[in-house]
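Please read these numbers as outputs of a predicted model, since none were measured by experiment. Quick note on labels: first sequence line is chain A, next is B, and so on, each numbered from 1.
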2 protein chains.
Amino acid sequence: MARLENLNLSQQVTNELGKAIIVGDYNTETGLPTEAQLCEVYGISRTAVREAVKMLAAKGLISSRPRQGIRVEPADNWNLYDTSVLKWLLESSPSLYVLKEFLQVRLAIEPQAAALAARKGDQAAIAEIKMALDKMQAAADEPEGVMHEPDLAFHTAILHASGNRFFYQLRDFIRTALHVSIQHTTPAKGNKQAIAEEHFKVYNAIVSGDPERAKNMMTYMIDEAMAFIEKEIADKEAAAQ
Amino acid sequence: MARLENLNLSQQVTNELGKAIIVGDYNTETGLPTEAQLCEVYGISRTAVREAVKMLAAKGLISSRPRQGIRVEPADNWNLYDTSVLKWLLESSPSLYVLKEFLQVRLAIEPQAAALAARKGDQAAIAEIKMALDKMQAAADEPEGVMHEPDLAFHTAILHASGNRFFYQLRDFIRTALHVSIQHTTPAKGNKQAIAEEHFKVYNAIVSGDPERAKNMMTYMIDEAMAFIEKEIADKEAAAQ
DNA sequence: CTCACCTAATTTATAATATAATATTTTTAA
DNA sequence: TTAAAAATATTATATTATAAATTAGGTGAG
């Protein structure tokens with residue numbers, strides 16, 4: 001077992017089993033080994049195994065009942081918005097296709113969040129957006145990668161400014177999506193100045209209280225990334241033939 | 001403790017503690033009692049308490065470390081898309097305001113899902129939508145409440161037809177939102193025939209492969225519910241003064 | 001007196017073992 | 001052949017013990 005320091009035993013086991021389930025080593029057909037077997041495999045006590053099982057059950061990956069053992073739940077029931085589950089999924093799937101799904105969700109959420117921020121975002125929240133934007137603009141002349149963190153902060157700040165807990169809750173999801181996204185898109189689009197400019201337009205629409213424009217600008221930005229990814233997928237599929 | 005049959009001990013404790021945290025009985029300042037104290041309070045073993053703690057930790061509500069005890073995480077970290085957490089939240093908050101937040105999320109997700117379904121929904125998935133729609137139309141002449149279940153099925157089927165796992169994952173969230181929503185709106189709008197008609201228009205746009213229209217029709221439908229809720233909130237606030 | 005180090009105390013983390021509950025399978029008896 | 005009963009396997013719960021981690025307090029060197 002990969003001994004990740006900093007994580008306790010049951011968390012480590014949770015990680016191992018979680019990944020194994022998502023990668024398909026265990027599935028709804030096979031189920032998981034019994035608690036006793038898991039103890040042997042990992043060389044740990046039942047206490048630790050059971051705690052891992054409970055955590056995975058809380059994330060919707062498994063369920064366990066007396067005599068029946070530990071079952072793997074259908075993938076439809078997995079809590080994909082759980083940060084760990086998301087991480088395991090990304091480690092196991094070809095990221096281009098997952099990335100497209102990510103972008104579809106961003107295309108739904110972020111323009112709406114930007115519109116809400118423009119309509120009723122409070123001063124402090126909008127100032128947060130501005131701060132992230134400033135850092136982005138400052139990073140435009142810096143080396144590759146410096147703009148990454150303020151970029152994430154910008155999008156997170158908008159979710160926060162939407163004033164809707166459910167949007168803000170998706171910040172880790174969006175951060176992950178953006179992180180993967182940037183790895184794919186940045187090499188191609190070298191013009192960091194242009195990126196900062198686009199972000200500025202979104203901010204400008206928000207600060208001047210124009211929901212429609214904020215929504216449209218955000219849609220435009222994400223749509224650009226989507227077009228890029230779709231092209232990349234098309235190229236890849238053409239190359240495969 | 002409310003002895004919900006059908007749930008095991010640690011699940012019951014998870015429920016109790018989860019509700020108590022969300023309602024504010026325990027907060028980031030106070031933290032939770034120690035494991036030992038919880039054992040006494042509930043009259044159960046440490047095993048059960050610890051399993052509950054692990055489940056709540058997996059849902060982002062708490063974290064626990066040696067010597068520090070069990071801490072309540074800031075509300076921003078709670079996994080609101082977890083069905084249990086959502087349920088606890090609804091039981092503790094005035095539902096009108098939560099409902100508005102629900103509708104804002106639906107307004108982001110569902111039109112986009114409908115558009116995707118129109119663009120690339122496969123036969124089987126679209127047939128599912130049709131089936132739900134037929135049941136809705138059949139229920140239009142039935143007594144109050146009969147239309148409820150097919151209505152939920154209709155919206156779920158569209159999420160499914162979007163072909164995006166992350167959208168479909170939100171089905172429980174949307175179901176909850178719709179469930180709460182219907183309780184507020186149905187009494188006012190008696191015309192079930194009109195509701196079925198609107199749903200038909202969404203379906204029609206999807207089956208004829210018109211993403212834009214599918215999106216617009218869905219937006220229109222949810223927007224209507226939003227207008228209703230906003231009016232209700234306004235009335236309530238006026239009455240309170 | 002101050003600071004680094006050591007010690008003690010508290011709480012969760014892990015382990016080990018025992019018993020209960022539950023659901024499946026096998027056996028038994030009508 | 002079928003229905004009831006017994007055996008069995010597995011998780012659920014309880015109990016006890018020990019380890020590890022973190023905080024607080026004390027102690028001694030400088």
Q | Expected output: side-chain Asn164(B) to main-chain Glu101(A) donor-acceptor under 3.5 Å | A | yes
**Q.** Short side-chain N/O contact from Gln68(B) to OP1 or OP2 of dT23(D), under 4.0 Å
**A.** yes
Q) Could you state the CZ-P distance from Arg50(A) to dA13(C), rounded to the nearest angstrom? A) 16 Å
Q: Give one of base, sugar-phosphate or nothing for Thr47(B), where a contact means two heavy atoms less than 4.0 Å apart.
A: base
Q) Would you say a side-chain N or O of Arg65(A) is under 4.0 Å from OP1 or OP2 of dA23(C)? A) yes
(Q) In whole Å, I'd like the distance from the CG atom of Leu32(B) to the P atom of dT12(C). (A) 10 Å
Q) Is a side-chain donor or acceptor of Trp78(A) paired with a backbone partner of Gln169(B) at a separation under 3.5 angstrom? A) no
Q: Confirm from the modelled atom types if Arg67(B) and dA13(C) form a donor-acceptor pair under 3.5 Å, side chain to base only.
A: no
Q | Rounded interatomic separation in angstrom, taking CD1 from Ile70(A) and P from dA9(D) | A | 17 Å
(Q) Test your reading of the model: is there a side-chain donor-acceptor pair from Glu142(A) to the backbone of Met147(A), 3.5 Å cut-off? (A) no
Q.
What is the distance, to the nearest angstrom, from the CD atom on Glu35(B) to the P atom on dA19(D)?
A. 18 Å
**Q.** Listed nucleotide nearest any side-chain atom of Pro66(B), set dA14(D), dT11(D), dA21(D)
**A.** dA21(D)
Q. CD of Gln12(A) versus P of dA13(C): gap in Å, rounded?
A. 13 Å
**Q.** Donor-acceptor under 3.5 Å (Tyr81(A) side chain, Asp82(B) main chain)
**A.** no
Q. At under 4.0 Å, does any side-chain N or O of Ser10(A) touch on OP1 or OP2 of dT14(C)?
A. yes
**Q.** Atom pair distance, as rounded to whole Å: CG in Leu38(A) and P in dA15(C)
**A.** 13 Å
Q) Does a side-chain N or O from Ser45(A) land closer than 4.0 Å to OP1 or OP2 of dT14(C), or not? A) no
Q. Whole Å only: how far is the CG atom of Leu9(B) from the C1' atom of dA21(C)?
A. 12 Å
**Q.** Nearest-neighbour nucleotide for the Arg46(B) side chain, dT11(D), dT13(D), dT14(C) considered
**A.** dT14(C)
Q: Let me know the distance between CD of Glu40(B) and P of dT15(D), rounded to the nearest Å.
A: 12 Å
Q | Exercise: identify the closest heavy-atom pair between Met55(B) and Gln11(B) | A | CE-CG, 3.9 Å
